There are 2 protein chains.
Amino acid sequence: MKIKEVSEKFDIPADTLRYWEREGAIPPVTRNAAGYRDYDEEDLDWISFAKCMREAGVSIEYLIEYLTLFKQGDVTLQARKDLLHEQLATIAQRLDEIQHTYDLIKEKADHYEAYVEGYHGKLAN
Amino acid sequence: MKIKEVSEKFDIPADTLRYWEREGAIPPVTRNAAGYRDYDEEDLDWISFAKCMREAGVSIEYLIEYLTLFKQGDVTLQARKDLLHEQLATIAQRLDEIQHTYDLIKEKADHYEAYVEGYHGKLAN
DNA sequence: ATAAACCTTGGAGTCGACTCAAAGGCAAGT
DNA sequence: ACTTGCCTTTGAGTCGACTCCAAGGTTTAT
């Protein structure tokens, strides 16, 4: 699968796919004879993983760290597990924050809905 | 309340508080005789609002837009309501994405937990 | 066989959101 | 009065994550 197809499949710019690879957030992609990237199943799995993580706000640096461990093989299983749990905790916290903001805005929007005026002050606390 | 106290209360750098104000993401803060910022209740409400929104990933530009409408008074009630609903939709989507990633990482972490080896490939799809 | 549409790399540019530094004013303690 | 610490503004610097460009190689369609 060439980069453009992957780009369309995942809705990620080709430049970004190259950038992730260059930075080491995903492993080097398989190449064809001409030196073109030819993504196989495993490459796509990594893209999928990276996309998910990025959408959840996980940094590139974090992905690099994970991949670095991954490349070192089974000896880093525990370290990778720890890294994932750490990330889980961060994401759970982010979820809470966003949920909280959602509720707040929902309430505020409902005030507007009810067409009551001057309701800014009520939002914050 | 002076800027340092507010900074500590909300755990937001003073520089960031000034930045938000400079950009128009929050209204101009009340000043004392010496020209020092002296945050009152309403100022704090706006900080609280901005902090929430930023944590949920809402851009500064969006806050500026909202405040701009707010300053124009009741004639913009409908527009503000629309803006909030738009933002609600975005945040709801973000919540879903993050929830999805959370589940995925949880699953992956559980694989590690079970100490099964070589489980990267299973994650993505 | 030639143009259009891909692909490659390296490196520079952009953008949002801070973050810091410099130069100076004010305030509280000794 | 002096030091320490907080405050002000303006303007520049940083950082993460892209995003774009140039120069050139490849593939596909006509």
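Sequence lines set the chain letters: A, B, ... in the order given, protein chains first and strands last, and positions in each chain run from 1. Just so it is clear, the structure is predicted and the values come from calculations on it, not from any experiment. Because only heavy atoms are used, hydrogens play no part in the values below, and waters and symmetry mates are left out as well, while side chains stay in.
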Hey, are A/Tyr66 and A/Arg80 close enough side-chain-wise for a donor-acceptor pair under 3.5 Å? no

Tell me whether B/Met1 is reachable from B/Ile12 by hopping between hydrophobic residues (I, L, V, M, F, W, Y) whose side-chain heavy atoms are closer than 4.5 Å. yes

Excluding sequence neighbours, so at least two apart, what forms salt bridge (Lys or Arg N to Asp or Glu O under 4.0 Å) with A/Arg22? none

Mind listing the residues from residues 14-23 of chain A sitting with a heavy atom below 4.0 Å of DNA chain C? Number order is fine. A/Arg18

Under a 4.0 Å heavy-atom cut-off, which of residues 24-40 of chain B touch DNA chain C? B/Ala34, B/Tyr36

Are B/Arg37 and B/Glu21 close enough that some pair of their side-chain heavy atoms sits under 4.5 Å apart? yes

Nearest-0.5 Å distance that lies between atom CZ in A/Arg31 and atom OH in A/Tyr39: 7.5 Å

For B/Trp20 and B/Leu63: C-alpha separation, side-chain torsions, deciding distance, then whether side-chain contact (heavy atoms from CB on, under 4.5 Å) applies. CA-CA 9 Å; B/Trp20 286 355; B/Leu63 294 178; 5.8 Å; no

Which word best sums up how the rings of B/Phe70 and B/Trp46 line up, parallel for under 30°, tilted for 30 to 60°, or perpendicular for over 60°? perpendicular

How long is the line joining CD of A/Glu5 and C1' of C/dC7, in whole Å? 13 Å

How would you give the extent of chain B contacts on DNA chain D, as first and last nucleotide 5' to 3' within a 4.0 Å heavy-atom cut-off? D/dC6 to D/dT9

Cation-pi, A/Phe49 ring and B/Lys108 (6.0 angstrom, 45 degrees): yes

Residue pairs, two or more places apart or on separate chains, that pass salt bridge (charged side-chain N to carboxylate O under 4.0 Å, His left out) and touch residues 46-66 of chain A: A/Lys51-A/Glu55

Contact list for residues 87-97 of chain A, test side chain to side chain donor-acceptor pair (under 3.5 Å), sequence neighbours left out: A/Tyr62-A/Gln87

